[in-house]
Amino acid sequence: MTPQQYIQQKAVASGSSFYYAFLFLPAPRRAAITAFYAFCREVDDVVDEVSDPGVARTKLAWWQAEVAKAFAGQPTHPVMLALMPHTFDYGIEERHLQAVIDGCQMDLEQTRYLDFAGLSGYCHLVAGVVGEVAARIFGQTDARTTEYAHRLGLAFQLTNIIRDVGEDAMLGRIYLPVSELQQFDVKAHEILKRQYSDRFTALMRFQAERAHRLYEEAFALLPDADRRAQKPGLMMASIYRTLLREIEHENFQVLHQRIRLTPLRKFWLAWKVQALGRMS
């Protein structure tokens, strides 16, 4: 299997909403974003699939060394072999990849966040930096687009957190800030036991309203000069925001199930942005 085949397989197998946005890109940009996405999946899978924290730390340390070697001209992993030819063209720097690894390391060290400021720092590493790199690959020309990308990445990550509350609870993780659990009188043990209540629903509605505000702030920050180039990000926004509305429609029944959009619906939402310029 070539490095290109490897990253393609990784992207398709994930079933992620990101994949649908890649389909409409020109071949060179599509190859770059697919390689970068495959890298993000590799390091994220270390945390999600390795049950022993010590082994996971060792694997992430290996990735830190691999990224450093790759930027020194000696990549060995198929993902890095596929990604490195694109780094110069799209301004992808070692610090970007190391930041993503740092975010994954936080998952090994921390299962609670005291307040939204602390959670935002984590989201910056695992989603904001990813958005920054993606914006560069898509064809950013205006420096202000970076702030849009960071804000949109935060909105995506909060949507993921809302969707995955139940799954994360099974792993002993609660990403909802402790101060906000206290604000709505929701106890951590209720979430870990996956118990619904009106208080939980109110807490989740609060989280969803914040995510919606962040989507609107991100759209307002996108400069007109980059609006066309950043269509893939807007496709992802349409998919993620539709998912958020679906979760709201289901009254935040996220503790016992993972609410999803079908692949066909994701493709349709992406196509509408591409062909009609319409957000859902």
Side-chain angles (χ1 to χ4, degrees), residues 7 10-11 14 16 18 21 29 32-50 53 56-77 79-113 115-138 140 143-161 164 173 175 214 218 221 230 232-233 236 240:
I7 62 167
K10 194 81 179 173
S14 75
S16 168
F18 288 71
R29 296 188 192 278
I33 195 66
T34 302
F36 176 62
Y37 177 72
F39 165 79
C40 294
R41 283 258 47 93
E42 287 283 351
V43 295
D44 194 50
D45 286 349
V46 170
V47 176
D48 289 344
E49 297 176 2
V50 179
R57 287 187 192 94
T58 301
K59 285 178 174 285
L60 289 181
W62 184 89
W63 273 106
Q64 287 174 323
E66 170 67 8
V67 167
K69 283 197 304 181
F71 278 88
Q74 297 176 304
T76 60
H77 193 280
V79 162
M80 298 309 297
L81 288 165
L83 179 59
M84 291 312 296
H86 304 289
T87 54
F88 179 78
D89 287 344
Y90 301 116
I92 305 169
E93 301 172 25
E94 181 181 349
R95 66 180 176 88
H96 293 129
L97 274 58
Q98 297 290 7
V100 175
I101 299 172
D102 289 345
C104 291
Q105 279 190 315
M106 286 184 72
D107 274 327
L108 298 178
E109 312 296 338
Q110 197 167 343
T111 58
R112 303 284 192 280
Y113 291 89
D115 52 27
F116 184 65
L119 180 64
S120 296
Y122 164 75
C123 293
H124 169 75
L125 295 173
V126 298
V129 173
V130 173
E132 179 181 335
V133 173
R136 293 180 181 208
I137 293 172
F138 296 155
Q140 175 179 351
R144 293 174 297 170
T145 296
T146 298
E147 183 58 30
Y148 144 83
H150 280 280
R151 198 69 54 94
L152 191 59
L154 179 56
F156 288 166
Q157 191 62 24
L158 293 184
T159 304
N160 282 340
I161 287 169
D164 295 341
R173 298 181 192 154
Y175 289 98
L214 286 163
L221 286 166
Q230 298 302 319
M236 289 186 281
Y240 267 78

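Note that the coordinates shown come from a computational prediction; the quantities given were computed from them, not determined experimentally.
The shortest distance between side-chain heavy atoms of Ile101 and Leu97 does not fall below 4.5 Å. Taking 4.5 Å as the limit, every side-chain heavy atom of Lys10 sits out of range of all side-chain heavy atoms of Val79. Under the 4.5 Å side-chain criterion, counting only non-hydrogen atoms from C-beta, Arg144 is not in contact with Leu221. Val130 is listed as a side-chain neighbour of Phe36, based on a closest heavy-atom distance under 4.5 Å. Within the 4.5 Å cutoff, the side chain of Trp62 has no heavy atoms near those of the Thr58 side chain.
Using a cutoff of 4.0 Å between basic side-chain nitrogens and carboxylate oxygens, Lys59 and Glu42 are not scored as salt-bridged.
Of all heavy-atom pairs spanning Gly233 and Phe138, the tightest one is N-CE1, 3.7 Å. For Cys40 against Val100, the heavy-atom pair with the smallest separation is SG-CG1, 4.3 Å.
A centroid separation of less than 6.0 Å is found between the aromatic rings of Tyr175 and Tyr122.
A side chain to side chain contact (heavy atoms under 4.5 Å, CB included) with Arg173 is found for one member of Thr111, Ile161, Asp164 and no other, namely Thr111. The side chain to side chain donor-acceptor pair (under 3.5 Å) test with Thr146 singles out one residue from Glu132, Gln140, Arg151, Arg136, and that residue is Gln140.
Within the 3.5 Å criterion, the main-chain N or O of His77 finds a donor-acceptor partner in the side chain of Glu66. The closest donor-acceptor contact from the side chain of Gln98 to the backbone of Gln64 lies under 3.5 Å. A side-chain donor-acceptor contact under 3.5 Å links His96 to the backbone of Glu93.
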